[in-house]
Amino acid sequence: MEKNSTSLPLILLTLLTGIALGWLLNDLMQQPPAPLAVAPTQAPTATARATSVPTAPVPSTTIAPQSPVPSPPPAATPLPATAVPPIPTASPQPQVIGYVGHRAAAGETLEQIAARYRTSPALIEAYNMIDAPLRTGRELVVPLIEPGDAGEALLVQRGNPTRPWIALTLDAGAGAAPTPRILDALRERGITITFFLTGRWIRDNPGLVRRMVADGHELANHTMNHPDLTTLDDEAIRRELSETEAILHDIAPDAVIRPFFRPPYGAYNERVLRVALSEGYLPVYWSLDSLDSVGEPKTPEFLIARVTQKLSPDDLRGAIILAHCGSDATADALPDILDRFAAMGFEVRKLSDVMQ
């Protein structure tokens, strides 16, 4: 009996515990389940509270750094119309009303010459193709922008005597058959020279004129019809020059024939010189005539000797030599003349170069 009285309370306690657990389980089964966590559809606002469960800190080394999202650039604000700078335009060139001649004195500058004639130094420089310091004694065509000094009557007979440069100048007023051989000899040696052309020759030989221009030669005015200008009045002289310009423009629109001019037959007087200068042309004579168009026909040997040996080496510096495009002997002699000058240390060049 002692044993049974002790086990009865244990049995009662076990029954009571089971009943209590049953009630608890039944109560839990009757409560609604907790809602599942759903990711928010938008970021929390700045006023949202932090959750009550703290998130464990994650070391920064385990997260790749992200570049900040750049903010959009501010909208461009249009400038007012007055703030847009105007497009620059070229300054208008002064209008040239005429030309005169001037020979540079020792130490004289372009600015001083321009002041004398009340014109622009830049106009004088450009018109005369000056690309070196102004040489004492250089003959110039001065473009005028207002009336003034009458200038000087000029005739060029030689270029710069301080350089070993020679201006070989060929007149074209008659025949043209030898001219291709002349141009061939010059092209083969890379030499460019000055050709004085009449308007008739230009009109009759357009292909040769275009080849001269294409090869880089310099063209100059030898009048339209090759007259003795001393027998013409002023207006007729002007027409001889202007008609030649017009013909050349028709044949080779981009070619330039200014500022050099040679009077036919070398015939001139002060009036002829001044009329030519007033039209913007610098009259050019020569230092040595090859005589290829004078007297009896010349042989190539005669021309080679005369052109390369007649003048001393000092006189050849800056010399202007005359020959003709219509001379067969000149065409035959020219390769030897050019090669001999080169062997003597001289360069055959355009007149505008030798004038520097």
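It should be emphasised that the depicted structure is a prediction, and the values quoted were computed from it without experimental measurement. Hydrogens, waters and symmetry mates are skipped; everything else that's a heavy atom, side chains included, is used.
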State which residue, out of Y99, F260, Y281, fulfils the ring-ring contact (aromatic ring centres under 6.0 Å, His included) condition with Y127. Y99
Salt bridge between R203 and D250, side-chain N to carboxylate O under 4.0 Å? no
Of all heavy-atom pairs linking N221 and F196, the shortest is O-CD2, 3.8 Å
Looking only at non-hydrogen atoms, find the nearest pair between L197 and L219 and report the distance. CD1-CD2, 3.9 Å
Who are the ring-ring contact (aromatic ring centres under 6.0 Å, His included) partners of F195, not counting sequence neighbours? H217
Which atom of I247 lies closest to which atom of I202, heavy atoms considered: CG2-CG2, 3.6 Å
Do you know the tightest heavy-atom contact between T194 and A220? CG2-CB, 4.2 Å
I would like to know whether I191 and L168 meet side-chain contact (heavy atoms from CB on, under 4.5 Å); could you show each step before the answer? CA-CA 10 Å; I191 294 173; L168 177 62; over 6 Å; no
Side-chain donor or acceptor of D228 paired with backbone N/O of P264 under 3.5 Å: no
If you compare all heavy atoms of I320 against all heavy atoms of Q157, which two are closest, and at what distance to 0.1 Å? CD1-C, 3.8 Å
Output yes when D149 and R118 qualify as a salt bridge under the 4.0 Å nitrogen-oxygen rule, no when they do not. no
Can you name the nearest heavy-atom pair linking A276 to L241, along with the distance? CA-CD1, 4.2 Å
Pairing of D353 and R163 as salt bridge, 4.0 angstrom limit: no
I'd like to check T179 versus W201 (side-chain heavy atoms, cut-off strictly below 4.5 Å). Are they in contact? yes
Look up atom CG in L134 and atom CD in E111, then write down how far apart they are to the nearest 0.5 Å. 9.5 Å
Enumerate the residue pairs fulfilling ring pair (Phe, Tyr, Trp, His ring centres under 6.0 Å) with a member in residues 323-356, sequence neighbours excluded, ordered by first and then second residue. none
Among H102, R116, R103, whose side-chain hydrogen bond (donor to acceptor under 3.5 Å, both in side chains) with E108 holds? H102
Matching residue for V100 among L277, T119, L144, V141 - test: side-chain contact (heavy atoms from CB on, under 4.5 Å): L144
Are R211 and D215 within salt-bridge range, i.e. N to O under 4.0 Å? yes
Neighbour count >12 (heavy atoms, 6.0 Å) for atom CD, Q95: no
Would you find a donor on one side and an acceptor on the other, under 3.5 Å apart, between the side chain of T330 and the backbone of G326? no
So does R258 pair up with E245, basic N to acidic O under 4.0 Å? yes
Separation of L248 CG from I251 CD1 (nearest 0.5 Å): 8.0 Å
Would you say P94 and L123 make side-chain contact, with heavy atoms under 4.5 Å? yes
So, does R262 use its side chain to make a donor-acceptor pair with the main chain of Y285 at under 3.5 Å? yes
Residues which pass ring-ring contact (aromatic ring centres under 6.0 Å, His included) with Y265, listed by chain and number, not counting sequence neighbours: H226
